[in-house]
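Since the structure comes first, as structure tokens, the remarks are kept for the end.
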Amino acid sequence: MQVNQIQLPSWLNNKTVFQQKVPFVIEGIAAPSATITLDISKDPTDGRKISKLDTEYGIILSLETTTSPKGEFRFQIPAYTASTDAYTFIFKCFQTTVTYSDIRCGDVWVFLGSDFLSIPMCNANAPSTPLKRQVMTHLRFMTPSRNGIESGEEDIPWEPKKYFNDAHWIKISDTSELAQVSSSAFSFAYTLADQVNYPIGVIDLSTPDSTIINWISERSLQSQEALFDYLDELGISLDEVRYKSLVKRDKNARDTEKLRNEIKQDKGFFDFDLSKDAKLRELEDMETREEEISHNSGLDFPSSSSSEMNKVKPKPSEQGSSKNLDFNMFADLREKTERKVEATGYIKKRYRPSTLYKAKLAPLTGVPIRGMCFSPNRDENLFGRYDLLLMGLLGTLSQVFEPKEVMDDSVMPSFLMVAMHPSCVDYEFPYKVIEFNENMIAFANRLNMPSGIVSLHDLLLPDKTMTFTLGIRLAMIALGIHITPKMPKSCPMCSGCEKAGNKLILQFDNLGDGLRLAEGETELKGFAVCGEDRVFYPAKARILHGVRVMVWCDDIADPVSVTYGFSPFPHDATFKNLSDLPVLPFRFDRDAAFYAPDLTFASCDELEFVGRRNSDDEFEKLNVFKTFKGNGVISSDTMNKTEGRASLHIRYETENSLYGFEPVLTYASLMGPIVLRGRRKLLVDVFNPDTVRKNLKIEGFGEAEIRQQLNWQTLVFNYKQNEDIVLDSLKIYIEDISRNGEIYIDNIRFE
């Protein structure tokens, strides 16, 4: 480094956005014991002429200081208000001048985490809504290397970086670089800028396949004893020696793969290099020995010995929110290894503490911001003490970003979180995702800083526009927290419950302008209630004056609790507020219970639902019913029905006087078999339009005669076994001596 070179923070360069209403510090290095000056000028971008007497424009700030014997300097910059005007920062020391232009004052946001926040623009599709050119000019993004490894680097070093090698701010005109910006960050910034009409900058740090552990600094780990002990218990605490040994193993693995490819290519040209073969054998021997060590240490996913996920029966002192769930809600828990990982064990990169802090957060120290958005990795629901990890993350972020001391609540940074998506469900522990989201919500509610949480549980189908939707939802609650107090500050969540006879009246926070059904829906679905037996059953619900919800079940005279969307795959939880934010799934209490199974088919309202055919499949639209005997066309009729939105209208052709159809209960997302506690009867409404004598037979329940009359009739069937109803299938037969016929089916229910 030349003695007169000026080195400035990585976040400050051309096109930078700096945070409004917050004073900040610029620290750098120049020639030792020298005078350095800073001039800040401001120019209007609308082209108007400015008088020389106008103190708001031209050079608005001149500062001078002397560098330390090591060349360090520090400038204190006062707070400015947001505007579209252009700032220029000019630093001078001896003959060296550094000029940064096209700088804006607005709001600065930080995106970090994994999954949906890390999907770049080039891998997503924007909604068809046209974008406004004026709004686009307000957007700025800074996207360091996704994996934290920049040009000239092979691995993330142990010591935290002070400067980025490659990162810089970009505008919307930098199209090739814009393609790598997080699609959620883009839609977030665009939605905000469209409302506030001033610059929005996003520091896009989100990294695919990262976990919260990567972002927590060594300082936070050392200062939070419980967190340090937890990571030590997981077997993934790192010192410098162990970290460097992991980096060395990574390098050996890369070298081995590279050498294999070179030898393969050489042999293709009949070129044999014995020295390469010898080197490869040496590397492969080393790799084999390391793999044996890793295998013997038992590390695949680091799981705590205190985690309820590792035990058939958790200890009372370690129970999570699913304590005492003894109603067969979970699959049998399998014993997992509880051996602590030895210091020689290999740790996957996504479980190494502080790596992304060192590579991506540390160089941003001192940046003033408006807020942070965080999305967890799909594997993180297996961590038993995620609250400790979140505290470690917040401690790290408070060390890095400004303002650290807040005298005015209006400039306090906010923390926005993304709930885990149902696609992250582990079929061994299907309710763990729901519990994880509950704990995130509880954590957000306990924070002293502004916070909110958004969900995508209502968007199950694979859709490349989903990340843009997420950005819009995050922007909506950011506006509610910082700009417009009447807007919601989070997705709506249940805040209270009152009892009125056999009905429960629910209150909600973050309503915005009120509650509404999702587009295309005519009924409020997804609710369930239970009595003293703690057995939940699907319930009816109605919105009251747009601000409350009344929930009831005709079979439960004295309801004691309520849930909404409390299922690993809540495809019918589509209830929203008028800001298009979905109501967060919830259970009103955490007492032991048997939760309502998925009875989508029973209403006969839908012919399709969104689910998974097999556990490893993507979500798709699946048929609710199918014909298994004879031929038939099953359609939906919205006019002739007894309840709900529609009934099933079936036109059939019999086979040996029988036509058979059934709801498909084998889909992985239905979590079969369906168990109905305390139910012994099945009731179904039937309409016989051709007034021909028929019988209805239901496997496991018996049969009943369908009368020859033009009105709806209710048929009652008793379960043949003297125990709770268990459904692997529900085969329904129409017995009709006529070759062809038709029938209406509606409102299948269990009592």
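Below, all heavy atoms of this structure are taken into account, side chains as well, without hydrogens, waters or symmetry copies.
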So F566 and Y431, would you call those rings parallel, tilted or perpendicular, with 30° and 60° as cut-offs? tilted

Under the side-chain hydrogen bond (donor to acceptor under 3.5 Å, both in side chains) rule, what do S375 and D115 come out as? Steps first, then yes or no, please. CA-CA 7 Å; S375 175; D115 284 5; 5.4 Å; no

Minimum side-chain heavy-atom gap V684-I745 below 4.5 Å: yes

May I ask you to decide if V692's main-chain N or O and N688's side chain share a donor-acceptor pair within less than 3.5 Å? yes

Could you tell me if Y652 and D736 have a donor-acceptor pair between their side chains, going purely by distance under 3.5 Å? yes

Taking S647 for its side chain and N640 for its backbone only, find out whether a donor-acceptor pair lies under 3.5 Å. yes

Verify the distance criterion only: is there a donor paired with an acceptor across the side chains of Y564 and R587 at less than 3.5 Å? no

Atom of P422, atom of P570 and distance for their closest heavy-atom approach: CG-CD, 3.9 Å

Quick one: does any side-chain atom of D513 pair with a main-chain N or O of L578 as donor and acceptor, under 3.5 Å? no

Min side-chain heavy-atom separation S635-R651 under 4.5 Å: yes

Looking at L461, I want to see if its CG is surrounded by more than 12 non-hydrogen atoms of other residues, nucleotides or ligands under 6.0 Å. yes

Taking R612 for its side chain and S423 for its backbone only, find out whether a donor-acceptor pair lies under 3.5 Å. yes

Pair D458, T574: side-chain N/O donor-acceptor within cut-off below 3.5 Å: no

H649 vs S636, test: side chain to side chain contact (heavy atoms under 4.5 Å, CB included). Steps then yes/no. CA-CA 6 Å; H649 183 199; S636 186; over 6 Å; no

Determine whether K540 and L524 satisfy the following criterion, side chain to side chain contact (heavy atoms under 4.5 Å, CB included), listing intermediate values before the conclusion. CA-CA 7 Å; K540 301 175 184 177; L524 194 52; over 6 Å; no

Side chain to side chain, C604 and I748, heavy atoms closer than 4.5 Å: yes

Which pairs, with at least one residue in residues 477-492 and sequence neighbours excluded, count as a side-chain hydrogen bond (donor to acceptor under 3.5 Å, both in side chains)? S414-H482

Of L506, D509, L511, the residue whose pairing with S495 passes side chain to side chain contact (heavy atoms under 4.5 Å, CB included): D509

When you measure from the side chain of D426 to the backbone of P430, do you find a donor-acceptor pair of N or O atoms at a distance under 3.5 Å? no

Any chance you could lay out the side chain to side chain contact (heavy atoms under 4.5 Å, CB included) test for F443 and N445, step after step, and finish with the verdict? CA-CA 5 Å; F443 182 86; N445 290 337; over 6 Å; no

Check whether the side chains of D617 and N614 place a donor and an acceptor atom closer than 3.5 Å, and report yes or no. yes

The criterion is salt bridge (Lys or Arg N to Asp or Glu O under 4.0 Å); which residues satisfy it with E653, sequence neighbours excluded? R739

Give a yes or no on whether the ring-centroid distance for Y733 and F628 is below 6.0 angstrom. yes

Those residues that, when tested against D685, pass salt bridge (Lys or Arg N to Asp or Glu O under 4.0 Å) (two or more places apart): R749

Donor-acceptor pair between Y595 and S567 side chains, under 3.5 angstrom: no

Is N577 reaching over with its side chain to a backbone N or O of N510, donor-acceptor style, under 3.5 angstrom? yes

Check whether Y537 forms a cation-pi arrangement with R679 (NZ or CZ under 6.0 Å from the six-membered ring centre, at most 45° off the ring normal). yes

Walk me through it: do E735 and K694 pass the test salt bridge (charged side-chain N to carboxylate O under 4.0 Å, His left out)? CA-CA 6 Å; E735 185 180 35; K694 303 171 184 176; over 6 Å; no

Is a side-chain donor or acceptor of R473 paired with a backbone partner of L581 at a separation under 3.5 angstrom? no

Can you check whether T691's main-chain N or O pairs, donor with acceptor, with Q708's side chain at less than 3.5 Å? yes

Determine whether L727 and P673 make a side-chain contact, defined as any pair of heavy atoms from C-beta on separated by less than 4.5 Å. no

Please, which pairs that meet ring-ring contact (aromatic ring centres under 6.0 Å, His included) have at least one residue in residues 688-716, sequence neighbours excluded? F687-W712, F701-Y719

Within the 6.0 Å centroid threshold, strictly below: F569 and F619: yes

Set of residues satisfying salt bridge (Lys or Arg N to Asp or Glu O under 4.0 Å) with respect to E751, sequence neighbours excluded: none

Under the side-chain hydrogen bond (donor to acceptor under 3.5 Å, both in side chains) test against N711, which residue among Q713, R707, Q709 passes? Q709

Nearest heavy-atom contact between E380 and I212 is OE2-N, 2.9 Å

Qualifying side-chain hydrogen bond (donor to acceptor under 3.5 Å, both in side chains) pairs, either residue in residues 661-675, two or more places apart: E662-K731

For the pair N437 (side chain) and M440 (backbone), establish whether a donor and an acceptor sit closer than 3.5 Å, ignoring hydrogens and angles. no

If we only count heavy atoms from C-beta on, is the L474 to L117 side-chain gap below 4.5 Å? yes

Can any side-chain N or O of D690 pair as donor or acceptor with the backbone N or O of E742 at less than 3.5 Å? yes

